[in-house]
Structure formats: C-alpha cells, structure tokens
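A note on names: the letters A, B, ... follow the listed sequences, proteins ahead of strands, and every chain is numbered from 1. All of these numbers come straight from a predicted model, not from anything done at the bench. Just so you know, these numbers use all the heavy atoms, side chains as well, and skip hydrogens, waters and symmetry mates.
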Amino acid sequence: MAGQSALTPLTMGKALTAGLRSAMARDDRVLIMGEDIGRLGGVFRITDGLQDEFGAGRVIDTPLAESGIVGTAVGLAYRGFRPVVEIQFDGFVYPAFDQIVCQVAKLHYRTRGQVRMPITIRIPWAGGVGAAEHHSESPEAYFVHTAGLRVVAVANPHDAYTMLQQAIACDDPVVFFEPKRLYHTKGEVDLAADIADAAPMGLARVAREGTDVTLVAYGAQVTTALDAAMAAEDDGISIEVIDLRSLSPVDYRTLSASVRKTGRMIVTHEAGGEAGVGAELIASITEQCFHHLEAAPVRVTGHDIPYPPAKLEKHHVPDLDRILDAVDRVLDRPNSLSEVAL
Amino acid sequence: MAGQSALTPLTMGKALTAGLRSAMARDDRVLIMGEDIGRLGGVFRITDGLQDEFGAGRVIDTPLAESGIVGTAVGLAYRGFRPVVEIQFDGFVYPAFDQIVCQVAKLHYRTRGQVRMPITIRIPWAGGVGAAEHHSESPEAYFVHTAGLRVVAVANPHDAYTMLQQAIACDDPVVFFEPKRLYHTKGEVDLAADIADAAPMGLARVAREGTDVTLVAYGAQVTTALDAAMAAEDDGISIEVIDLRSLSPVDYRTLSASVRKTGRMIVTHEAGGEAGVGAELIASITEQCFHHLEAAPVRVTGHDIPYPPAKLEKHHVPDLDRILDAVDRVLDRPNSLSEVAL
Amino acid sequence: MMHTLTTDPTHAADLDTVAQLLTPTGDRVSDPRLDRWADELEAAALRALYRDMAITRRLDGEGVALQRQGHLGLWAPAQGQEAIQVASSHACRPDDFLFPSYRELGVLVTRGASPADLVLGWRGEVHGTFDPYALHVATPQIIIGAQTLHAVGYAMGIQRDGGDQVSVAYFGDGATSQGDVNEAMVFASSFEAPVVFVCSNNQWAISEPVSVQSRFPIAGRAPAFGIPSLRVDGNDAIACAAAMRWALDRARSGEGPAFIEAVTYRMGPHTTSDDPTRYRDAAEVERWRGRDPLTRLEAHLRRSGAWDDAFAAEVAAAGATLAAGMRDAALTAQTRPAIEVLDDVYAEPHVGMTRQRERFAAYLDGFADGEA
Amino acid sequence: MMHTLTTDPTHAADLDTVAQLLTPTGDRVSDPRLDRWADELEAAALRALYRDMAITRRLDGEGVALQRQGHLGLWAPAQGQEAIQVASSHACRPDDFLFPSYRELGVLVTRGASPADLVLGWRGEVHGTFDPYALHVATPQIIIGAQTLHAVGYAMGIQRDGGDQVSVAYFGDGATSQGDVNEAMVFASSFEAPVVFVCSNNQWAISEPVSVQSRFPIAGRAPAFGIPSLRVDGNDAIACAAAMRWALDRARSGEGPAFIEAVTYRMGPHTTSDDPTRYRDAAEVERWRGRDPLTRLEAHLRRSGAWDDAFAAEVAAAGATLAAGMRDAALTAQTRPAIEVLDDVYAEPHVGMTRQRERFAAYLDGFADGEA
Ligand SMILES: Cc1ncc(C[n+]2csc(CCOP(=O)(O)OP(=O)(O)O)c2C)c(N)n1
Ligand SMILES: Cc1ncc(C[n+]2csc(CCOP(=O)(O)OP(=O)(O)O)c2C)c(N)n1
Ligand SMILES: [Mg+2]
Ligand SMILES: [Mg+2]
C-alpha cells in the first residue's frame with residue numbers, strides 16, 4: 001500500500017466512501033449494513049456505488065430496525081466478519097443501545113478475549129444542517145461512558161479516510177462519528193496513504209499551535225474553533241486548537257502538554273454540557289495539570305436541552321462568539337459572565 | 001397529611017413500598033407497571049401487597065419488554081396517568097433507552113409544554129450484592145446527560161419514602177435509583193411526613209459536617225463515604241460528606257458552599273469515571289470554586305470496565321480504603337499515586 | 001400440529017389479495033365482510049371524504065412547493081395515500097385519540113389542524129405545532145414505530161377510565177420491522193386494549209421495497225399476536241372507511257385491538273430530500289397513478305350522482321384558501337427569540353435551567369441588537 | 001381478504017395442540033408430519049438422548065445443591081426441560097453454532113462443556129466459562145432475547161461463507177415479547193437465513209404465566225413472519241428430536257429459517273433466588289411431574305428393549321462423576337487476582353486501560369499481602 005503520496009481534494013463524504021472502498025477491497029470479511037445503503041447509496045450517499053462494486057452480499061440493505069442491525073452484526077462478528085454498520089442519523093441509534101452497551105461493548109470482556117467484536121458503527125452526527133427533530137443529536141458521551149467501546153470523531157476529509165479504515169481494521173468495536181455539517185467540505189486526502197503509517201486514530205492533533213489558551217474541539221466544532229483562534233489572533237491572543245479525534249480513550253498526553261504550556265483550557269462541543277465529554281476532559285486535565293492552571297477550565301457546549309427546532313439551532317450549537325466569550329473568561333477579561341454568579 | 005412525626009424503623013425496601021402505597025392512595029392516577037410486580041410483588045418485593053390492595057388495573061404485570069413498558073407508560077401519561085415503571089434490574093433498562101431518551105425526556109419540549117410526562121422510572125441499582133452479569137450496573141450518567149429527565153438516587157429509608165413520593169408527584173419524568181445493596185438496611189422513617197414539608201428531592205444533604213475535605217457520594221456509596229469519614233477522624237482528618245440525592249439537576253449551592261469551606265473535593269461512585277457524574281461535579285465545581293481549591297478534585301470510582309464477575313466486584317466498587325487513599329491525595333499526603341505520573 | 005404459512009405467501013405488494021369496494025375505475029363492488037360497514041355510508045359522508053382527500057392533495061402540493069421555494073426545511077409528501085389517511089380518521093369519533101407518523105397529513109387535515117400547524121414544524125420553527133389535547137392527535141412521530149406503543153398505552157388508559165374511546169396508531173410498512181411495533185401488538189393483545197393499528201403499506205421505506213421488511217403480506221403479522229387484521233386496498237376510500245369502522249367498532253365494544261394493512265403507494269419522494277429515481281422505476285409509479293384514490297372516488301361520486309360542479313368548486317376553493325393560509329403562515333413566520341430555545345424543557349422549576357437561563361440571558365445581553 | 005386468527009385461539013399451555021410421538025406414559029404414537037424425522041432414530045440414538053438428559057438432570061440437582069450450600073451465587077434450574085434442550089442439540093452437527101440462554105444446561109452438557117464450565121460462571125468467578133469456538137456454543141445470554149439476533153447474524157455469515165452449518169437460537173416464552181426476538185424473525189425471514197429458533201415455552205417467565213406474553217400459541221408467531229413453525233411436546237424427547245431434525249434439514253438445505261415451540265414446564269423455581277410458591281399452585285407442578293421427560297423416555301426404552309441395568313448404572317456413574325467434578329471445581333475455585341479485573345476489556349492496546357492498570361497496580365502494591 002505504501003507509495004508516494006497522492007493528495008486529492010475530496011469532500012468528507014467522498015473521502016469516507018473511498019475509505020470504505022479501500023477497507024472492503026483489502027479485507028473480504030468487511031461488510032456494510034444499514035438502511036438504504038444499497039441501491040440508494042445511503043441518505044448521505046456515503047456508500048454510493050459500493051453495492052455495485054462489492055455485491056448485495058457485502059453491502060446489505062437491512063430491514064428497518066436498528067437493534068436488529070447491530071444485533072445481527074454481533075452474530076456476523078461471532079462468525080469472523082467485520083461489519084460496518086451505518087446508523088442513518090444520530091437520533092436513530094437509541095433503539096440499538098442495548099445491543100451496543102450490553103453486547104458489542106461487553107462480549108470481549110465477557111468471554112475473556114475469546115470473542116472479538118471488530119464492529120464499526122458509523123453515525124452521521126450532530127447539527128447545524130437545519131434538520132428535523134432527532135436528526136441533529138450528539139450522543140457521543142453515552143458511548144464514551146461505555147467501557148469496551150472506542151469512540152472517534154473526524155474533523156476533516158483526510159482523517160475521515162484514514163481513521164475509518166483504522167476503525168474497521170481495529171479488533172475492538174469503534175463508534176465512528178461523522179459530522180454531517182462537514183460532509184460537503186473539501187480537503188486534501190492522501191489516497192495512497194498506508195493506514196499503518198497514518199497517525200493512529202487514538203492520537204489527538206494539534207490543529208493550530210498557540211501559547212495563551214488551549215481550545216479542545218472535535219468534529220465540526222474544530223472548524224469553529226479554528227475560526228475563533230483566527231479571530232482571537234487579531235486581538236493578540238494565541239490559541240492552541242486541539243482536534244481531539246479519539247473521544248475514548250483520550251490522548252491526555254497531547255492535551256496535558258498543551259495545557260501545561262498555556263495554563264488555560266476551553267472545551268467546546270455541541271452536546272449538552274452535563275456529564276458530557278467536556279466534563280470528562282476538564283476533570284481529568286484538572287487532575288493532571290492542577291498546578292499549571294491559571295484559570296478554571298471552561299466548557300462551551302450546547303445547552304442542556306433537547307436539540308431545538310432548526311430555526312433556533314444557531315442559538316444552541318456553540319459558535320465563534322460564544323467561544324470568544326469563553327476565551328475572555330479564561331483570560332479574566334470582561335465577558336458575559338463577569339457580573340453573573342457562578 | 002401533616003401531623004406529629006411518627007418515626008418507624010423500616011428497611012429501605014419497606015420504605016419504598018410504603019412510599020408507593022401512599023402515592024397510590026393519594027392519587028388514583030398513579031399506577032405501577034413492570035415485570036413480576038403483581039402477584040410476586042417484584043423480585044425485590046418492593047410492590048409486595050400492592051396488587052391486592054389496589055387491583056390489577058393499577059398494579060400491572062406487563063409482558064417482558066422494557067421498551068413496551070416505557071412506551072405504554074408514555075401513552076398512559078398522554079392520557080393523564082402517572083405511571084411508575086419498575087425496571088427489574090439496572091442492566092435491563094437499555095432496551096427502553098430509545099423510549100426514555102427520545103420520548104419520555106423530549107415530549108414536554110416537543111409539545112411546548114402541552115403534554116406532560118409525569119413518569120417515574122424506578123431502577124434497582126448498582127452492585128455489591130454478588131449478582132450475575134447485567135444485575136449490578138450503574139447507568140445513571142446516561143440519564144444525567146439526557147436533558148428533560150430528572151435523576152435522583154436515594155441513600156436511606158427516609159429519603160426512599162419521601163423522595164419516591166415527590167418523584168411520583170413531580171410533573172417531570174424522574175429516573176429513580178434505588179441501591180440494591182441497601183434494600184435491607186434499616187433506618188427511621190417518618191411515615192407521617194408530609195412530602196410537601198420534606199426536604200425537596202432536588203437538594204443535596206450534608207450527611208456529616210467536616211472542615212478538611214468535601215466527599216460527595218450518592219446511593220450506597222454514602223454509607224461507604226460515612227465509614228471513610230469516621231475512619232479519617234481517627235487520623236485527625238475532618239471530612240464533610242455530602243449525599244447528593246439529586247444527580248440532575250445538581251444542588252451546586254450546597255456543594256460549592258462545602259468546597260469553599262474545605263478547599264478539597266472527592267467524588268465517589270460505582271460507575272466508571274469516564275464521562276460520569278463525578279466528571280460533571282468536578283468540572284462544575286472547579287469552575288465555581290477555582291480559587292478556593294487547594295488541590296485538584298479527585299474521583300474514586302469504579303474502573304472503566306464492564307461490571308466484573310461477582311467474585312471480583314470488591315476490586316471494582318470503591319471501598320473505604322480507596323476513598324482514604326484519595327483523602328491522602330487531596331491532602332498531599334503519601335498515597336498510592338505519589339510515585340505514579342498522572 | 002404443524003403450522004405453515006397462514007397467509008397466502010404472495011408478495012405483500014400483490015394487489016389481488018386486498019379487500020376492495022371500489023374498482024380502480026370507480027365501480028362499486030361487493031365484499032361480504034366489508035359491505036356491512038360500508039352500506040351505511042351516505043352520499044354526504046362520501047362527499048365529505050372526497051373533500052378532505054382533495055384538500056389533503058392540494059395542501060400536500062403546497063407543502064412541496066413551499067419547500068422547493070425555500071420556505072420549509074423539509075416536507076414528507078402524502079400524495080397517493082389520501083384515502084387511508086382521510087377515511088380512517090373520518091371514521092373516528094372526535095374524542096378518539098390518534099397517534100400519527102410524520103406522513104399523515106390527511107389525518108391532520110381531517111382533525112382540523114390549522115394551516116400554520118401544517119407548516120411551522122416543517123419550517124423548523126417548532127417541533128410540535130398543535131395542542132394534542134385540542135385535536136386529540138398526538139404530535140406526529142419521527143422515531144419509526146415509537147408511537148404505536150404510545151397508542152397502546154393510551155388505550156390502556158381508556159380501559160382504566162372506563163371510557164369508550166379508541167386510540168389509533170398510524171405507521172408505515174417499514175415500521176413493522178421495528179421491535180416497538182411488535183411489542184405494541186404484544187401489549188395490545190395481552191391487555192385487549194381498544195387500539196386500532198393502521199399500517200399504510202406504501203410499498204417503500206425510503207429506498208427499500210416492502211419485500212426487505214416482509215416477504216409476505218403484512219396483514220398476516222397481527223393475527224399471530226391474536227389481533228384480527230384486514231388487508232385492504234388503501235387507495236379505495238370506501239373500503240378504507242369500512243375497514244376502519246369494523247376495527248373501531250370491535251375496539252369500542254370491548255373486543256380488543258384490530259389491525260388494518262392499507263395497501264397503497266407513495267407517489268412522491270420519501271421526503272423532498274429524496275431522489276426516488278435512484279431506486280424505482282417510473283413505470284411502477286405510472287401503474288399506481290392508474291389507481292389514484294381521488295380519481296376513483298370522484299368517478300364513483302359522479303356515477304352515483306353525488307358530484308356536481310358546485311361541489312367541485314367548493315372543494316377547490318376550500319383547498320385554495322387553506323393552501324394560501326399555509327403559504328401565509330410560512331412566509332410570515334416569526335422565529336422565536338433566542339432565549340426561548342431554553343423554554344419548556346421541564347414542567348416544574350429546575351435549578352439547572354435557571355442557571356442556564358441566567359447565563360444565556362447575560363450572554364445575549366452583550367449583543368447590542370439582542371440577537372446572538 | 002379478511003385475516004382472522006390463524007392458529008387455534010386456545011391457550012398456549014393447552015397440551016392437546018402439540019405434536020407428540022411419545023405419550024406421557026411412553027407409548028410411541030404417530031404424527032404424520034414428524035414420523036419421517038423420527039423413524040431414523042435408532043435405539044442407540046435414543047439411549048444417547050436419555051443419557052444426556054439424565055446427566056443434565058443430575059448436574060442440575062448438583063447445581064442447586066451447590067448453590068444452597070453457598071458455593072454458587074445463583075443457579076437457574078433446568079429440571080423438566082431436559083428433553084428439548086438435549087434432543088435439539090443432539091440433532092445438530094458439531095459445527096452448527098448454538099446461542100443459548102442462561103437456562104440451557106442440557107445444551108452445554110450435550111456439547112461437552114466441562115464441569116468447571118458449568119459452575120464457575122454461576123459462582124461469579126467469570127462471566128463466560130468455555131471458549132465459544134471450542135464448543136460452537138455462544139456464551140449463555142442473560143439479556144432476554146438478545147441472542148436471537150446474534151444467531152440470525154451468525155446465520156447470515158454462514159450464507160456469506162457458503163457454509164452448510166445452521167445456527168440455533170434458544171429462548172423462552174417470555175422472550176417472545178421482546179422487540180429483539182421479533183426483529184430476529186424479520187431479519188431471518190428477509191435474508192432466508194439458516195437459523196432455527198427454539199422457544200422453550202416452560203409456561204412461566206419468572207412469576208408471569210405465558211398468557212401475559214401471549215393469549216395464543218407462540219408457534220403461531222413465526223408463520224406471520226414467513227417462518228414455518230412447529231408446536232411440539234417439549235417433554236417428548238423423540239418429538240423434540242424429530243422437530244429439530246425437520247428444522248435443521250430445512251435450514252441446511254437453503255430453505256431458510258424454522259421455528260419450534262417446545263411446550264414444557266419449569267419444574268423448579270426461576271432461579272435459586274425465586275420462591276414460586278408465591279405465584280403458582282403445587283397442583284400445577286404435580287400435573288407436570290406426570291409428564292416428566294425422563295420417565296417417559298425411560299418407559300419407551302424399557303418397552304422397546306433398549307434399556308438394561310448396565311446402561312442405567314453407566315448413566316448414573318457418568319452423572320455422578322461429572323457432578324463430583326462440578327463440586328470439585330466449585331470448591332477449589334481460585335478467585336483471580338484483583339488486577340485481573342482490568343483484563344480483556346479491549347482486544348488491542350488501550351491508553352486508558354494502561355493508565356488504569358498502572359494506577360490500580362500502584363494502589364494494590366500498597367497492601368502488604370497484595371490483596372485490597
Ligand atoms: C428509528 C428510526 N430509524 C430510522 C429512521 C429514518 N427513516 C425515516 S422514514 C424511514 C422509512 C420509513 O418507512 P415506512 O415505515 O414504510 O413509512 P413511510 O415513510 O413509507 O411512510 C426511515 C428509515 C427513523 N426516522 N427512525
Ligand atoms: C432485558 C431483560 N429484561 C428482564 C430480565 C429479567 N429476567 C430474567 S429471566 C426473566 C424471565 C424470562 O422468561 P422466559 O423468557 O420465559 O425464560 P425462562 O426463564 O422461563 O427460561 C426475566 C424477566 C432480563 N434478564 N433481561
Ligand atoms: Mg412505507
Ligand atoms: Mg419461560
């Protein structure tokens with residue numbers, strides 16, 4: 001697989017398709033299952049063309065039942081396959097929750113390693129696309145809290161391409177979050193990249209270096225975070241943006257190195273804050289870097305509400321302004337909460 | 001209901017039965033549903049005698065299907081009932097996850113307050129009783145992370161009696177955690193207590209006052225925390241133990257008052273730490289009390305593993321020794337992690 | 001005792017096995033089991049049916065147009081399914097409680113939802129529009145199948161109240177694969193709850209033909225749970241009405257649940273986001289156009305002398321007025337102020353919401369124009 | 001076409017509607033559909049069946065005794081259900097893959113699980129004992145119904161491999177209410193997967209009689225999904241064997257899934273934690289004692305001359321040896337060291353586990369005797 005790099009501009013959607021294709025070509029135990037993924041190519045067209053290429057035996061349109069999809073994937077994994085499951089939208093993963101939490105996550109532990117569950121659960125994810133109810137959910141914290149699963153979220157086409165292949169090749173189950181909001185965003189993808197050489201999916205990435213504040217984001221919020229960093233630069237503030245990539249396990253080495261340098265930390269995500277990924281990152285980093293912290297770490301998250309109607313979502317998904325307000329907070333500059341009791 | 005107090009020693013199990021009985025007697029829209037709750041009185045006998053007393057129309061043995069139980073409870077709530085659902089064991093709540101997260105939690109928001117979901121979901125909960133797989137789970141963080149739900153956990157018979165009635169009377173859905181490990185533990189219950197006068201279920205309780213360290217616990221861990229506090233006292237360390245009671249929303253006023261006083265905080269729970277309730281408490285308290293903190297807050301939790309086999313559970317559920325080790329940590333005394341890089 | 005297939009193992013889409021009272025060309029035919037439930041349907045009732053079906057068709061077109069013009073975020077067309085939607089809800093009493101999916105426009109029209117109610121959800125202004133207790137209709141459900149359990153629970157509530165209402169669960173062919181729908185049948189049967197299941201088998205679940213969900217007629221599912229079922233031509237308004245009257249009568253008189261599979265067709269895309277040319281033949285759509293529920297009922301009304309130009313004009317006018325109302329509601333919609341994103345999460349005071357509200361209000365205050 | 005109840009609306013517990021080849025007194029009777037599958041069963045095969053049933057009975061008693069004596073945390077008695085458990089698994093090929101629930105002791109015995117395998121899980125030393133790939137048996141499932149989907153998925157895998165194995169899903173009457181079991185039938189039918197569903201209807205789901213789950217025979221569920229089913233006397237080992245051979249043959253030859261409802265009875269408590277006197281009559285238990293599967297097969301073997309004292313003695317000795325092995329395994333079990341609580345969460349290196357292990361090891365080091 002190794003060779004010279006071949007950078008190709010691709011949307012994240014097409015990069016995912018390429019990642020699936022290459023995983024399927026490499027290993028004939030890989031198969032894909034989900035609703036509408038065959039003839040239609042999925043509602044987001046991520047599996048477009050794959051049924052023609054690999055046949056209906058490996059690209060399987062299933063009955064409309066998420067527990068059924070994940071439960072049969074468990075059986076296929078028992079038989080030695082590597083199922084890649086597509087959940088049509090984030091909000092439809094809950095009927096499969098029992099199979100994911102009690103079976104997918106626990107079978108390796110239950111059988112003391114005798115049975116492996118190399119299942120990848122792809123979830124088109126999160127908001128900002130003006131969708132109907134249940135089509136903009138951010139359920140990642142549920143899976144991060146579930147031992148036995150690995151959880152990753154991609155933020156650019158190249159990672160989408162490589163990390164999807166790594167997830168599929170991984171012998172553990174991986175919940176793979178794909179930000180819908182970025183499906184049509186283009187970036188350079190090295191289609192010749194050997195996934196063994198690519199950055200392991202467990203590592204965080206410093207997306208932009210900085211010295212004053214560490215800003216941690218994942219998925220589509222990485223873009224917002226980079227925008228915020230650029231805006232802050234005009235104000236003379238240097239923000240280090242970290243793309244978390246792996247939500248579980250977390251690459252605390254990269255995170256704490258950054259916070260030790262900056263002394264200040266902000267986490268942003270779309271999911272509500274309460275017992276979310278941001279809480280985890282802050283609790284752990286506070287433990288690891290307590291004496292380096294010059295201000296309390298701050299979360300900039302969605303409100304703790306059900307995902308709101310589309311016309312109100314811009315007041316829910318954290319934007320550049322809300323991040324910059326948090327930057328002011330950690331730098332002890334005037335900010336929206338200056339007069340509010342915490 | 002008001003009157004002179006009548007303290008009666010009851011086990012937590014019997015206190016819950018009494019709470020159910022009194023809620024059913026007070027409001028004939030209250031009904032109970034679940035598996036084996038009728039003739040058998042539930043596998044823990046919490047509903048013992050209630051079917052005889054209130055009839056099979058109000059104490060309903062349902063088919064064996066948790067999504068069905070919660071989903072029909074939603075319909076009953078639509079019709080103006082107040083269903084109290086028993087999930088037989090913590091590990092069996094997941095098949096109902098979709099109905100809880102997408103329906104129970106969201107219907108009030110979805111309908112802009114037109115439809116109320118006064119559903120109480122009782123969950124015999126957590127470990128330490130030597131049970132089989134799936135019978136010792138601590139899934140509370142999933143519900144705490146879900147906006148639209150209230151989540152409480154009881155730690156003594158009196159709270160079990162009053163908070164269960166408050167939960168049932170509440171017009172919002174409440175996930176109600178009952179520590180199995182304490183079902184047979186006795187305590188004084190004021191059966192004459194008017195639930196309107198009793199401490200609201202949203203408030204935390206200082207279970208023991210102290211000055212050096214704030215130790216937050218809930219459910220059966222409150223007992224362990226109190227034991228640890230007593231042991232620490234012999235060492236001259238004064239621990240303030242807080243029984244959280246309401247896991248969502250959290251009574252941060254009580255918590256932060258304590259941490260401002262002690263400057264040190266430990267949270268203990270059985271659930272794994274990653275993105276758990278402890279992470280939430282630490283992230284929020286760090287924000288609210290940053291300048292009062294003299295050490296990094298510390299979690300003493302179950303490992304991030306599937307719940308282990310019964311014979312190993314004592315190495316999973318945090319015990320007195322593990323809490324005391326954490327006390328040493330926040331006091332910067334020699335402890336197990338003294339030589340370990342964080 | 002050997003059990004073999006209990007329903008004819010013909011493909012569920014095979015029209016020949018459905019109960020029919022109107023042929024595709026509008027001839028009134030007889031069905032020994034349904035006649036009894038159709039005979040009482042007077043001309044006035046059939047005209048009322050036609051009226052709401054035609055209005056539904058008109059408003060559906062308006063919804064699609066509004067979406068195409070950018071005024072709505074999405075629309076799920078009901079075209080082709082008007083007969084079962086309208087006839088089934090017409091057969092209900094006003095105090096029967098209906099639990100629709102996202103596609104039951106005809107149910108909402110029958111129940112008198114306002115034009116604004118029909119568009120503000122799809123526009124993304126609110127999740128739920130009307131007050132469920134005003135229309136006796138639950139907020140349309142997006143999670144496939146979830147509402148069937150709600151309908152059963154509601155029916156259990158009716159039983160406990162000693163009421164004689166019925167609850168109705170609407171869902172599609174795809175939904176029958178979901179655990180929830182099967183659990184709903186289990187519960188309905190176990191408690192003999194007064195609930196009617198109405199499955200609109202429109203042949204497709206997005207791009208998946210019904211054969212992916214079921215290789216045999218869906219109506220055969222219910223009897224296995226102890227629920228009698230009827231497979232009816234879903235484009236035949238009279239048969240749909242009769243079937244629903246049979247089912248409601250059973251349920252209302254304490255005989256327990258009933259199940260109707262209405263064999264129909266989704267003429268449009270799954271939603272306005274969908275492109276059905278990727279997965280189905282134009283010829284199939286054309287075949288079904290020949291079984292159009294409106295044309296068919298119109299032919300019958302004409303033949304039986306229950307049609308006149310004044311009626312046609314009145315129906316068109318009523319449709320136009322409501323359509324204009326939809327347009328107006330969409331175009332004049334006022335998005336709620338930012339802070340209201342936090343409203344209605346809880347019914348009772350909540351310290352977490354109070355804290356969030358305080359913080360978010362302070363944040364919004366920082367913007368001169370009050371808008372973040 | 002009106003669909004009405006497709007199976008006789010008699011209560012599922014009504015024994016008269018089951019296929020039988022041995023009467024309760026051990027007379028061999030004929031069933032036109034089953035005879036063909038039973039005729040090839042030689043005396044040796046029947047003796048082998050009896051042997052494993054008797055061993056299962058013996059080991060079940062040992063499990064209960066070990067629990068009562070405090071050596072096991074829990075035990076789920078199989079008594080009364082030996083015929084279907086043993087006969088169905090005997091009919092399988094060694095490379096067929098079985099997905100049992102917690103109660104299928106007879107399946108594990110048939111598959112040669114070791115005495116330690118039978119007790120270490122119930123003792124709480126491990127979750128899963130044997131290697132599923134060694135026995136071709138999945139780790140017994142506690143989440144009701146979940147394993148039925150696994151069996152279907154496994155069968156889909158067999159199809160994709162072009163294999164001629166069959167997978168088998170074991171579950172109870174209560175499980176039929178779960179969404180998963182119904183979804184399993186949907187998937188099995190849709191993909192025509194080589195899977196056999198074996199429902200042991202033992203009349204009770206803990207304290208709930210089967211009538212709470214189903215007011216009609218459970219075998220009637222499967223045909224609705226397009227899966228042929230057979231309702232068999234679950235205490236009649238020959239009928240169970242024949243039914244299973246019919247089902248396996250269908251599945252193995254590419255005709256798709258099949259479903260067996262074995263009507264049987266749970267003679268003991270649900271588990272050793274349960275007190276069935278709270279919810280069922282002693283008379284009912286006694287009635288079923290008269291249909292005991294072992295007595296019945298023994299009578300048949302005696303009558304057909306396939307029984308002798310040496311055989312009886314050999315079976316008893318084999319049971320006693322294995323029972324002693326169970327006792328020994330329970331009493332000499334070594335609980336794993338504390339640190340192993342962290343083993344096997346992930347298959348590949350995991351930075352979070354490494355951190356936890358380091359910390360927990362340091363913590364454990366603090367205890368002089370190495371035990372926390
Ligand atoms: C639990 C769940 N899974 C998936 C979806 C995505 N989805 C929306 S509609 C649909 C197809 C539904 O088909 P059917 O039940 O036949 O109803 P129809 O749309 O044809 O009216 C799917 C898969 C969903 N809304 N909910
Ligand atoms: C999802 C789930 N819900 C509840 C339980 C608790 N439970 C264990 S066994 C049982 C009854 C099962 O009855 P049945 O399926 O008839 O099997 P049997 O025990 O009779 O063999 C119940 C309710 C469980 N294990 N899993
Ligand atoms: Mg459809
Ligand atoms: Mg049973």
Side-chain angles (χ1 to χ4, degrees), chain B residues 35-43 45 48 60-69 71 88-89 91-92 94-96 98 129-135 272-274 302-316 319 321-322 325-326 328 334-342, chain D residues 73-74 76 102 120-128 142-146 172-180 205-208 212-214 270-271 273-276 278-280 333 335-345 352-353 355-356 358-367 372:
Chain B
E35 297 157 6
D36 304 291
I37 64 162
R39 183 93 71 98
L40 182 62
V43 296
R45 308 290 185 266
D48 195 21
I60 310 170
D61 267 336
T62 65
L64 205 178
E66 289 76 11
S67 188
I69 297 170
Q88 194 161 83
F89 276 87
F92 310 144
Y94 306 119
D98 179 58
V129 298
E133 199 189 357
H134 310 292
H135 291 69
E274 204 175 353
H303 307 291
D304 290 312
I305 59 173
Y307 200 88
K311 291 282 183 192
L312 294 177
E313 70 179 336
K314 66 170 179 288
H315 306 302
H316 179 65
D319 61 7
D321 286 327
R322 270 157 74 190
D325 184 51
D328 288 338
N335 65 84
S336 71
L337 298 186
S338 299
E339 324 269 275
V340 176
L342 300 181
Chain D
L74 192 74
Y102 45 85
L120 295 184
W122 294 114
R123 192 177 152 82
E125 301 291 354
V126 291
H127 288 315
I142 290 175
I143 299 293
I144 300 296
D173 47 299
T176 60
S177 292
Q178 284 285 10
D180 273 9
I206 309 187
S207 75
E208 298 188 353
V212 171
Q213 321 293 338
S214 184
H270 170 69
T271 65
S273 297
D274 180 37
D275 173 11
R278 290 180 70 102
Y279 55 79
R280 72 182 186 186
T335 297
R336 289 179 289 160
I339 192 73
E340 292 193 15
V341 76
L342 300 177
D343 283 357
D344 296 317
V345 181
M353 288 310 305
R355 189 168 47 234
Q356 288 191 71
E358 200 176 87
R359 288 176 163 218
F360 194 44
Y363 172 77
L364 293 171
D365 276 351
F367 292 84

Student: If we only count heavy atoms from C-beta on, is the D:Thr335 to B:His315 side-chain gap below 4.5 Å?
Tutor: no
Student: With heavy-atom distances below 4.5 Å as the criterion, would you say the side chains of B:Asp36 and D:Arg278 are in contact?
Tutor: no
Student: With a 4.5 angstrom heavy-atom cut-off, which part of D:Ile144 approaches chain B: side chain, backbone, both or neither?
Tutor: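 Contact with chain B: side chain only.
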Student: Under the ring pair (Phe, Tyr, Trp, His ring centres under 6.0 Å) test, which residues partner B:His135, sequence neighbours left out?
Tutor: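 B:His135: ring pair (Phe, Tyr, Trp, His ring centres under 6.0 Å) contacts with B:Phe89, B:Phe92.
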Student: Whether the side chain of D:His127 engages the backbone of B:Tyr307 through a donor-acceptor N/O pair (distance < 3.5 Å, no angle test) should be reported.
Tutor: yes
Student: So which atom in B:Ser336 and which in D:Ala362 form the shortest heavy-atom distance, rounded to 0.1 Å?
Tutor: O-CB, 3.4 Å
Student: With a 4.5 angstrom heavy-atom cut-off, is it the side chain or the backbone of B:His303 that approaches chain D, or both, or neither?
Tutor: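 Both backbone and side chain.
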Student: To the nearest 0.5 Å, what is the distance between CZ (D:Phe360) and NE2 (B:His316)?
Tutor: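 The CZ atom of D:Phe360 sits 10.0 Å away from the NE2 atom of B:His316.
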Student: Heavy-atom cut-off 4.5 Å, strictly under: side chain, backbone, both or neither for D:Ala146 against chain B?
Tutor: neither
Student: For B:Glu313, is it the side chain, the backbone, both or neither that has a heavy atom under 4.5 Å from a heavy atom of chain D?
Tutor: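 B:Glu313 has no heavy atom closer than 4.5 Å to chain D.
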Student: Using heavy-atom distances under 4.5 Å, tell me whether D:Gln356 contacts chain B through its side chain, its backbone, both, or neither.
Tutor: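 Side chain of D:Gln356 only, per the 4.5 Å heavy-atom cut-off to chain B.
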Student: Using non-hydrogen atoms only, which part of B:Asp325 is less than 4.5 Å away from chain D: side chain, backbone, both, or neither?
Tutor: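 The answer is the side chain of B:Asp325.
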Student: With respect to chain D, which residue among B:Ala65, B:Gly91, B:Pro306 yields the maximal number of heavy-atom pairs within a distance under 4.5 Å?
Tutor: B:Ala65
Student: What pair of heavy atoms forms the shortest contact from B:Leu64 to D:Ala205, and how long is it?
Tutor: CD1-CB, 4.2 Å
Student: Could you report the tightest heavy-atom contact between B:Val340 and D:Arg359, atom names first, then the distance?
Tutor: CG1-CG, 4.4 Å
Student: Sort out for me which of D:His270, D:Met353, D:Arg336, D:Arg355 touches chain B most, counting heavy-atom pairs under 4.5 Å.
Tutor: D:Arg336
Student: Apply salt bridge (Lys or Arg N to Asp or Glu O under 4.0 Å) to B:Glu274 and list each qualifying residue two or more places apart in sequence or on a separate chain.
Tutor: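 Not a single residue meets the salt bridge (Lys or Arg N to Asp or Glu O under 4.0 Å) criterion with B:Glu274.
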Student: List the atom of B:Pro309, the atom of D:Gly124, and the distance in Å for their closest heavy-atom pair.
Tutor: CB-O, 3.2 Å
Student: Could you state the interatomic distance from OH (D:Tyr363) to CG (B:Leu337), rounded to the nearest 0.5 Å?
Tutor: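 Rounded to the nearest 0.5 Å, the OH-CG separation comes to 11.0 Å.
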Student: In Å and rounded to the nearest 0.5 Å, what is the CG to OH distance from B:Asp61 to D:Tyr279?
Tutor: 11.5 Å
Student: Taking the side chain as every heavy atom from C-beta outward, state whether B:Arg39 and D:Glu208 have any pair of such atoms under 4.5 Å apart.
Tutor: no
Student: State, to 0.1 Å, how close D:Ile142 and B:Ala132 come at their nearest heavy-atom pair, and which atoms those are.
Tutor: CD1-CB, 4.2 Å
Student: Select, from D:Ile143, D:Val345, D:Leu74, the one with the greatest count of heavy-atom pairs under 4.5 Å involving chain B.
Tutor: D:Ile143
Student: Distance from B:Leu312 atom CG to D:Ile339 atom CD1, nearest 0.5 Å?
Tutor: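 One finds 11.5 Å between CG of B:Leu312 and CD1 of D:Ile339.
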Student: Below 4.5 Å, heavy atoms only, C-beta onward: do D:Asp274 and B:Leu40 meet side chain to side chain?
Tutor: yes
Student: Examine whether an atom of B:Glu339 lies under 4.5 Å from a heavy atom of chain D, and if so say whether it belongs to the side chain, the backbone or both; otherwise answer neither.
Tutor: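 No part of it gets close to chain D.
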